[in-house]
Protein chains: 2
Amino acid sequence: MSAPSQVTRALIALRERIFSGALRPGERLAEIPLAEAIGVSRTPVRLALAELEKEGLVEPAPGGGFLVRAFTAREIDDAIELRGTLEGMAARLLAEHGASRALSRALSDCLAEGDSALAGSELTAEALQRYAEMNRRFHGLIAEAAGNAALARALAMVSAIPFASASALVPSPGSSAARHRLLIYAHEQHHAIVEAITGGQGARAEALMREHACNTRANLRLILEAGDAAPPGFRTLVSGRIAAA
Amino acid sequence: MSAPSQVTRALIALRERIFSGALRPGERLAEIPLAEAIGVSRTPVRLALAELEKEGLVEPAPGGGFLVRAFTAREIDDAIELRGTLEGMAARLLAEHGASRALSRALSDCLAEGDSALAGSELTAEALQRYAEMNRRFHGLIAEAAGNAALARALAMVSAIPFASASALVPSPGSSAARHRLLIYAHEQHHAIVEAITGGQGARAEALMREHACNTRANLRLILEAGDAAPPGFRTLVSGRIAAA
DNA sequence: ACGGACATTGTTGCATGCAAGGACTCGTTT
DNA sequence: AAACGAGTCCTTGCATGCAACAATGTCCGT
């Protein structure tokens, strides 16, 4: 239990190589050289590749085996849009069924943490990190509390698509001022979402939550079109543009 | 290419055993006896089990290996509800972007086929089979034409959950009159959905499509609570009730 | 110089063996 | 009779070998 299994070691190594660009989109993933490079036998490599296929990072190649998948910007945009719809459903269900006292408290704690992180005159790396973690927790709480297991699973899967999760494109200190303003706007939306949920306003909560995902889409557009700072691995894995709206 | 691989043979055999009740929910799936029973070696059994985990039919067991998953009625109901939201999004996107002439024609053909299947004074097994296939095509066309790949993938996954797809709970000849009436109602909704899509009415299309999934939920409730005719494998794999709305 | 055929190398799918861990059964002790 | 310990059997994780297939390279003939 404490020692990672060989499959886990292979998974970690493969993910790292994909995100670092050592393995490029379209590249053939051959069991034997990979097993040798990672230091495990072929069996865990094969099982790790099957798992990465499940995660969408690799795809089956003609004639067997796997290729590193290429992600288009369009695909990530699609995933973010889908996440908006799913999170909207979660917020609606939650508003309809009512939030427990404990959940309301947890959501309020998130709001306070976000306010605190954004309170400085400057968005330091530490503040942004705190914000990103708060954001992850906020979205996670809503997904789990909605009470629909299929929905929670679908949200987990769409959030696992590279750069499509709620915190994937949170700006870094070097990002543009436009993205920093967007972050402040996004957190104000968090406040409104909590208000709608605790007030039992299902349609409002859903609409706000869907609109909220548009911030991630705007971040994506700024990275692609204005050359704004991108997260690690983005420039390697993502290609193409988003069609004009 | 023509001969099924050993993994495929193992997948087919395992699915059959699960749906037939030869392997019951909660039962431990041991590689060696299964490999012997199916007539393949352990490697394809292991890969098949990993694939079935991906499909949700089996789950990892504590201490390694897998168990046959039990499905609760609640879980299937959740999945159907999720499908409604996803299909609603698809119909909205389609209405917003406009349906091509070819797609409009294909959807109209589905409507005509459904009308024809339901036209008889009695719903024969053949008529219901034709309806189910038309229904599958209708829903598939909308999912693919929506133009969001992440959405199409999420729909494919939720539809793969046993008994959650659009045609999973289409009645059989021995089903109750209530379910037959529901079928006729559902097909009238198909007409309205196409009208909304081709008319560019995004919000209307979405609302109709979401409501449309409630028919599957109603079918599920009738099977569970009125003891109506259930599809093959349902009584084996599905346990529990749905909470009162 | 180009194309075709053959040989070699690399890779995948699969089978099987080994080691370690967990579960079950049997015997002994309290 | 019940509980505990030891031994045995079953299963999983993993390593490795074999056969078949595909891709690439080389050589020969036109």
Side-chain angles (χ1 to χ4, degrees), chain A residues 1-70, chain B residues 1-70:
Chain A
M1 60 176 181
S2 44
S5 72
Q6 301 289 71
V7 176
T8 302
R9 288 184 55 216
L11 271 173
I12 289 165
L14 286 168
R15 281 201 200 100
E16 186 179 294
R17 283 157 194 263
I18 288 169
F19 277 88
S20 72
L23 291 174
R24 310 216 45 123
E27 197 166 335
R28 186 77 186 239
L29 296 164
E31 286 176 6
I32 294 176
L34 285 176
E36 192 174 308
I38 297 170
V40 297
S41 74
R42 289 169 55 205
T43 311
V45 169
R46 173 168 311 160
L47 287 170
L49 288 170
E51 180 69 29
L52 290 178
E53 186 194 7
K54 191 169 151 186
E55 294 178 15
L57 278 181
V58 307
E59 63 190 340
F66 295 92
L67 308 174
V68 179
R69 265 199 65 211
Chain B
M1 56 178 182
S2 44
S5 72
Q6 301 288 71
V7 177
T8 302
R9 286 185 55 216
L11 271 173
I12 289 165
L14 287 168
R15 279 200 200 101
E16 185 179 295
R17 282 154 194 263
I18 289 169
F19 277 87
S20 71
L23 292 173
R24 311 218 42 127
E27 196 166 334
R28 186 77 185 239
L29 296 164
E31 285 177 8
I32 294 177
L34 285 176
E36 191 173 311
I38 296 171
V40 297
S41 75
R42 289 169 56 206
T43 310
V45 169
R46 171 167 312 157
L47 286 170
L49 287 171
E51 181 69 27
L52 290 178
E53 185 195 9
K54 189 168 154 186
E55 295 178 14
L57 279 181
V58 306
E59 62 190 341
F66 295 92
L67 308 174
V68 179
R69 263 197 69 207

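All of these numbers come straight from a predicted model, not from anything done at the bench. Letters A, B, ... are given to chains in the order of the sequence lines, protein chains preceding strands, and every chain is numbered from 1.
- We find that CD1 of B/I32 is positioned 17 Å from P of C/dG22, with the value rounded to whole Å.
- Rounded to whole Å, atom C1' of C/dT11 lies 15 Å from atom CD of A/E27.
- Note: B/E31 CD to B/I38 CD1 = 11.0 Å, rounded to the nearest 0.5 Å.
- The nucleotide whose nearest atom lies closest to any side-chain atom of A/S41 is, among D/dT16, C/dT16, D/dT12, D/dT16.
- Nearest to the side-chain atoms of B/R46 among the listed nucleotides C/dG13, D/dC14, D/dT12 stands D/dC14.
- Rounded to an integer number of Å, the gap from CG of B/L11 to C1' of C/dG13 is 14 Å.
- Here C/dT12 presents its C1' atom at 14 Å from CD of B/Q6, a figure rounded to the nearest Å.
- For B/A30, the side-chain atoms get nearest to D/dT11 when compared with the rest of D/dC14, D/dA15, D/dT11.
- As judged by a 4.0 angstrom heavy-atom cut-off over every strand, B/L29 is placed among residues touching the sugar-phosphate backbone only.
- The two atoms that bring B/L67 and B/R28 nearest to each other are CD2-CD, 3.8 Å, heavy atoms only.
- Looking only at side-chain heavy atoms (C-beta outward), A/V68 and A/L57 stay at 4.5 Å or farther from each other.
- As a whole-Å value, the separation of B/R9 CZ from C/dA15 P is 9 Å.
- Straight-line distance from the CD atom of A/E36 to the C1' atom of D/dT16: 14 Å, rounded to whole Å.
- One atom, CD of A/E51, and another, P of D/dG13, lie 13 Å apart when rounded to the nearest Å.
- With DNA chain D read from its 5' end, the first of the two nearest nucleotides for B/P33 and A/V40 is the one closest to B/P33.
- Among the nucleotides C/dT16, D/dA15, C/dC14, the one closest to any side-chain atom of B/R42 is C/dT16.
- When the P atom of C/dT11 is taken as reference, atom CG of A/L34 falls 10 Å away, rounded to whole Å.
- Other residues, nucleotides and ligands contribute over 12 non-hydrogen atoms within 6.0 Å of the CD atom of A/E55.
- By the 6.0 Å contact criterion, CD on B/E59 is enclosed, its count of non-hydrogen atoms from other residues, nucleotides or ligands being greater than 12.
- Note on B/T43: every side-chain N or O is 4.0 Å or more away from OP1 and OP2 of C/dC14.
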